[in-house]
Amino acid sequence: MTTETRPGASRERAGRFDPATFEPKWRQRWEADQLYAARDDDPRPKRYILTMYPYPSGDLHIGHWYAMTGPDIVARMHRMQGENVMFPMGFDGFGLPAENAAIDRGIHPAEWTYANIDNMRRQMRLMGAGFDWAREVVTCDPSYYRWQQWLFLKFYEAGLAYKAMGAVDWCPKDKVVLAREQVEGTDRRCWRCGTPVEKRDLEQWWFRITNYSDELLNFEGIDYPEPIKAMQTNWIGRSEGAEIDFPTEADDVEPIRVFTTRPDTIFGATFMVLAPEHPLVPVLTTEDRKADVEAYVAAARRATEIDRLNTEREKTGVFTGAYAINPMTNERIPIWIADYVLPGYGTGAIMAVPAHDERDYEFATKFDLPIRYVVAPASGELPTGRALVEHTADEVLIDSGEFTGMPASEAIRAITRALEERGQGSFAVTYRQRDWVAGRQRYWGCPIPIVYCEQHGAQPVPESELPVVLPMDVDFSPTGVSPLQSHEGFLKATCPACGGPARRETDTMDTFVDSSWYFLRYCSPNADDAPFHRDQVDAWMPIDLYTGGAEHAVMHLLYFRFFTKALRDLGLVGVDEPTLKLRNQGQILGADHNRMSKSRGNVQAPDELVARYGADAVRAFLMFIGPWDQGGPWSPTGIDGVHRWLGRVWHAAQPAEGPSEPIGPGADALQRALRHATHSTIDGVTEDIEDFRFNTAISKLMALTNAITRSREAGLAGSEAYDEAIEILLLLMAPITPHIAEELWERRGKPYSIHQQPWPMADPEWAAAETIELPVQVDGKLRDRLVVTPDTPAEEIERMALASEHVQRYLNGRPPARVIQIPGRLVNVVTPKD
RNA sequence: GGGCGAGUGGCGGAACGGCAGACGCGCCGGCCUUAGGAGCCGGUGUCGCAAGACGUGCGAGUUCGAAUCUCGCCUCGCCCACCA
């Protein structure tokens, strides 16, 4: 090895790799030059890439870096590929933590929120992420929420927002109602604070999301991860079946309507069960049963939702004394009430078929009610001691009048049709999904633009009076009620209908309303005459790529689809879906494989890491940990490896000084090998980034770096192939490690900015290998390798393979039974069977 | 109970049905240093001196060939759950 090529020597010339000396400089310059501004009048093809905006909790944690670096890389590559990329950022400004900070520490929520936003904006700049800050949206700003109020009024006019009584989930700690989607786990905890929720009957604002249940089940034409589709589908919970009317014996009482997915089992319906809350309960209950029924209803009301939904609990219920008529058998069947029938699902009443439903079976056994099997496999074998719920292909109806012998699948339709002809039933679809409770009894949110007049009731605030501004001078003493309720100046309003005195709505909107349309506001961030302009929305929407956490599967990711469809029906947008493609990042865990939390002491603060390693190393290491959608544990030593890699790139890319290195014999082949490595890396990295495989993209870049280093040691530094390799390496690194790529690009005398250079294209001739190594297998086991040129004829390869002594050993002189060749991939010699 | 994922070296992870373990961490050895918790070079699946054998949670199957496809188990994670 000559002195010139000794690694240490060139390092001394180049100076130490120290990101702190150049990273801040480039960030300032990129920002000053508005390198990432997306312009409406740009003729290049648009690409709208969006990552979920953060809640301004105060600090950007490593998880934010992880979530945002992925889409930033994709956005940067697409920019270099000549597209007009919009990659905006904003803040989810409203929310409870701000209000809690006010209560705990006496800071106004606005002050707390905007201070946090300032800090987080600074931290995001530190990441070197290419956000278009000119489009920033802050949802707690009146210029934003004014238009949210405007949209609310459009929803209200269209009947998509309405006020109604309902049994809602209530968090006793946050003193606020929650949407069903915001209640988590078997023990039904508040999604924010983890407190078990209670059920309360309250008058609330709702969004009619259920109008769109069917459409929300349709994922055609959009690319969502399978788990998200499954979760949304389960959440919406579509069931097909029938609604059937069971007349009662009482005079002048409407029949009991039930929903069932198993109309084929109606001949086995031996009793009925109503939810305790069912409106017919007081009407139907006989005098002698009244005391028992009322006691049960009262107890059911007191029981918590947790108790009630506990499937382990033994069934309870009481007889009402009343009877219904099974419309198919004309039998009198008793009507019971029980809390395992839920008031909010289906019709709140069921026909109980104990032979074919486990819950009904349990109930019938406990209360000694008849159990009649009406479906059986062809063998006629019926279970004992349990319900028959599983299906067999040959099952048929038994003991079912004229339908006896009919396959059950056919009977579902036949029986429903028969009931329909008699006016006693119809095909029906039911959903688990309920409407979205949109109001919150809190201060720090978007005020609902409604006033209440003694005479005219709820009245929308006229558009000209928007925004209804959140007053700043409020008292945050923890009284448990929204400070808006005691703010006279806010409460006092005028009825738009009569001009008389009115009282303002004090509920504010769920913060998920804010995030249901922010992506549209990014298209028209400065519009002051509308929430957004149709031409700009038409130009940018739909989002081409949306990224964020999977924990929003049935919350934000359902709500923003609903909003988009509702806005389409209001004529405000022209798309059916907000985004064409969704990707979820995984979670970064602590080094101990646990979730990062202050109490565990395993939290990695990004600012410290940047100070020590630079932003590029943090970005690259996070992306290198594993598949982006999988996440993984932070490794305090792993980042050293990425740092070392950047150091190797740094030294390899320093411009050659003086005469180029002496090139010895064989240099031509070495140069060709380096070119092959370079050009095959272009294709690999491009595909990997497109598919969110940042970990393998980086490993390919490391491998190319290793090839470059070896070629330098072989004396190639300064050669054409070497310079090309370095420059392509820098271009491919630019999206991932933007600072070092820019710095080295400049040091090599290339024009500013590397981020505005065209993305490299592989030369197919170089990308193709000159020689390939073919594995030779005998009976599928590797025995030898052949080095051949790609155009070697198959007969020649077969001859070489059979000539191999390693192959001969297994053939023992016999001719092979078969020789399988996969061109360019392998040869497999199959030995004859003895 | 239902749905969806995932099980590969000491670790994070690679691998269009075709060379298992790319790339990196760690570890071992060496170089350079007054020094090394810096940097650089080499080695590193297991067993074996070697030739070689064995290896992707377990068990079957399909195939010339299976980490990959099929079936049945086991384990872990996430979501939903008295939804008629």
Side-chain angles (χ1 to χ4, degrees), chain A residues 1 6-8 11 16-17 184-186 225-235 237-239 241 258-262 265 273 275 308-313 315 338-342 344-353 356-360 362-363 389 430-433 550-551 553-554 587 591 593 621 624-627 629-630 632-642 644-645 647-648 651 693 695-706 709 713 773-785 816-822 824-831:
Chain A
M1 193 186 282
R6 197 164 55 83
R11 197 165 315 113
R16 210 164 64 85
F17 164 55
E184 296 179 335
T186 320
E226 288 303 324
I228 300 290
K229 289 200 256 187
M231 278 190 261
Q232 294 199 349
T233 303
N234 287 342
W235 184 259
R238 183 188 152 102
S239 292
V258 302
F259 174 76
T260 178
T261 54
R262 296 290 309 274
T265 63
V273 186
R308 183 142 176 198
L309 293 178
N310 178 7
T311 52
E312 309 291 304
R313 200 171 49 113
K315 295 274 176 291
D339 63 4
Y340 79 91
V341 175
L342 306 172
Y345 183 78
T347 61
I350 63 162
M351 64 174 204
V353 184
H356 299 286
D357 183 282
E358 282 169 357
R359 296 151 301 179
D360 296 345
E362 195 192 330
F363 195 82
V389 291
T430 293
Y431 301 88
R432 277 172 21 110
Q433 185 180 36
E551 68 274 15
V554 296
Q587 271 215 336
H593 290 58
F621 177 60
F624 185 61
I625 285 177
D629 60 357
Q630 193 181 300
W634 175 262
S635 159
T637 52
I639 191 169
D640 287 324
V642 169
R644 266 172 230 151
W645 167 52
R648 285 198 298 277
H651 298 297
R693 294 189 302 253
N695 55 331
T696 51
I698 292 168
S699 65
K700 287 182 176 92
L701 292 169
M702 288 174 166
L704 177 59
T705 307
N706 294 343
T709 304
E713 280 159 18
E773 200 181 62
L774 279 185
V776 179
Q777 297 181 336
V778 177
D779 294 333
K781 285 193 198 304
L782 177 72
R783 297 302 179 195
D784 201 1
R785 296 160 205 277
R818 276 174 84 182
V819 178
I820 292 157
Q821 272 201 52
I822 309 298
R825 297 210 64 95
L826 64 40
V827 185
N828 187 19
V829 177
V830 184
T831 59

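So you know, we letter chains A, B, ... as the sequences are listed, proteins then strands, and number each from 1.
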Exercise. Can you find a donor-acceptor N/O pair under 3.5 angstrom joining the side chain of A:Lys700 to the base of B:C23?
Worked result: no
Exercise. To the nearest Å, how far apart are A:Arg432 CZ and B:C83 P?
Worked result: 9 Å
Seminar exercise, completed: Regarding the side chain of A:Arg783, the nearest nucleotide among B:C82, B:A84, B:A53 is B:A53
For this session: Kindly indicate whether the side chain of A:Ile625, heavy atoms from C-beta on, has any atom under 4.5 Å from the side chain of A:Gln630.
Result: no
Problem set entry | A:Lys700 side chain reached by A:Thr696 side chain, heavy atoms, under 4.5 Å | yes
For this session: Treat a base pair as Watson-Crick or G-U wobble with both distances under 3.5 Å, then lay out RNA chain B in dot-bracket form, 5' to 3', with | for cross-strand pairs.
Result: (((((((..(((.....[....)))((((((.......))))))(((....)))..(((((..]....))))))))))))....
Exercise. P atom, B:G72 versus B:C54: distance in rounded Å?
Worked result: 30 Å
Exercise. Distance-only, no hydrogens or angles: does the A:Gln232 side chain make a donor-acceptor pair with backbone N or O of A:Ala553 under 3.5 Å?
Worked result: yes
Exercise. Does the side chain of A:Arg783 come within less than 4.5 Å of A:Val776's, by heavy atoms?
Worked result: no
For this session: Provide the distance between the two C1' atoms, one in B:G45 and one in B:U8, to the nearest whole Å.
Result: 10 Å
Problem set entry | Integer angstrom distance from the C1' of B:U46 to that of B:A20 | 14 Å
For this session: Take atom CH2 of A:Trp235 and atom P of B:C78, then tell me their distance rounded to the nearest Å.
Result: 18 Å
Exercise. For A:Trp645 and B:G39, what is the distance between atoms CH2 and C1' respectively, to the nearest whole Å?
Worked result: 19 Å
Exercise. How would you label the glycosidic angle of B:G48: syn (within 90° of 0) or anti?
Worked result: anti
For this session: Send over the distance from A:Ile228 CD1 to B:C80 P, rounded to a whole Å.
Result: 12 Å
Seminar exercise, completed: Rounded to whole Å, the CD-P distance (A:Gln777 to B:G17) equals 16 Å
For this session: Round to a whole Å and report the spacing from OH of A:Tyr345 to C1' of B:C80.
Result: 14 Å
For this session: Using the P atom as the reference point in each nucleotide, state the distance between B:U68 and B:U62 in Å, no decimals.
Result: 15 Å
For this session: Calculate the interatomic distance between A:Leu704 atom CG and B:G24 atom P; express it in whole Å.
Result: 12 Å
Exercise. Where do A:Leu774 and A:Gly824 come nearest, in terms of heavy atoms and distance?
Worked result: CD2-C, 3.6 Å
Seminar exercise, completed: Checking B:C23, B:A81, B:C82 against the side chain of A:Met702 (C-beta onward), the nearest is B:C23
Seminar exercise, completed: Contact string for nucleotides 3-16 of chain B, one letter per nucleotide 5' to 3', B = base within protein heavy-atom range under 4.0 Å, S = sugar-phosphate only, - = neither, reads SS-------BSS-B
Exercise. Can you tell me if the side-chain N/O atoms of A:Arg359 get under 4.0 Å from OP1 or OP2 in B:A84?
Worked result: no
Problem set entry | A:Asn828 or A:Thr347, whichever maps to the more 5' nucleotide of RNA chain B | A:Asn828
Exercise. How far does the P atom of B:A14 sit from the matching atom of B:C69, given to the nearest Å?
Worked result: 15 Å
Tabulate atom names and distances for all N/O pairs under 3.5 angstrom spanning the protein and nucleotides 25-30 of chain B.
{"from": "B:C25", "atom 1": "OP1", "to": "A:Arg644", "atom 2": "NH1", "distance (Å)": "2.5"}
{"from": "B:C25", "atom 1": "O2'", "to": "A:Thr637", "atom 2": "OG1", "distance (Å)": "2.7"}

For this session: Considering only atom P, compute the distance from B:A38 to B:U44 and round it to an integer number of Å.
Result: 23 Å
Exercise. Is A:Ser239 touching bases, backbone alone, or none of the nucleic acid, heavy atoms closer than 4.0 Å?
Worked result: sugar-phosphate
Problem set entry | Over-ring placement of A:Lys315 relative to A:Phe363, 6.0 Å and 45° cut-offs | no
Exercise. Can you find a heavy atom in the side chain of A:Lys781 that is under 4.5 Å from one in the side chain of A:Asp779?
Worked result: no
Problem set entry | A:Ile820 vs A:Gln777 side-chain heavy atoms within contact, under 4.5 Å | no
For this session: Please state the P separation for the pair B:G3 and B:A81 - nearest whole angstrom.
Result: 15 Å
For this session: Please answer whether the main-chain N or O of A:Asn234 pairs with a side-chain N or O of A:Arg432 as donor and acceptor at a distance below 3.5 Å.
Result: yes
For this session: Might you point out which heavy atoms bring A:His356 and A:Val389 nearest each other, and give the distance in Å?
Result: O-CG1, 3.6 Å
For this session: Output, in order, the C-alpha distance, side-chain angles, deciding distance and verdict of salt bridge (Lys or Arg N to Asp or Glu O under 4.0 Å) for A:Glu362 and A:Arg359.
Result: CA-CA 5 Å; A:Glu362 195 192 330; A:Arg359 296 151 301 179; over 6 Å; no
Exercise. If you look at every strand shown and take non-hydrogen atoms under 4.0 Å, does A:Arg238 touch a base, only sugar-phosphate, or nothing?
Worked result: nothing
Exercise. Using atom C1' of each nucleotide, how far apart are B:C41 and B:U33 to the nearest Å?
Worked result: 16 Å
Exercise. Is there side-chain contact between A:Ile698 and A:Phe621, with heavy atoms separated by less than 4.5 Å?
Worked result: no
For this session: Specify the separation, in whole Å, of atom NZ of A:Lys781 and atom C1' of B:U63.
Result: 14 Å
Problem set entry | A:Val830 and A:Pro816, any side-chain heavy atoms less than 4.5 Å apart | no
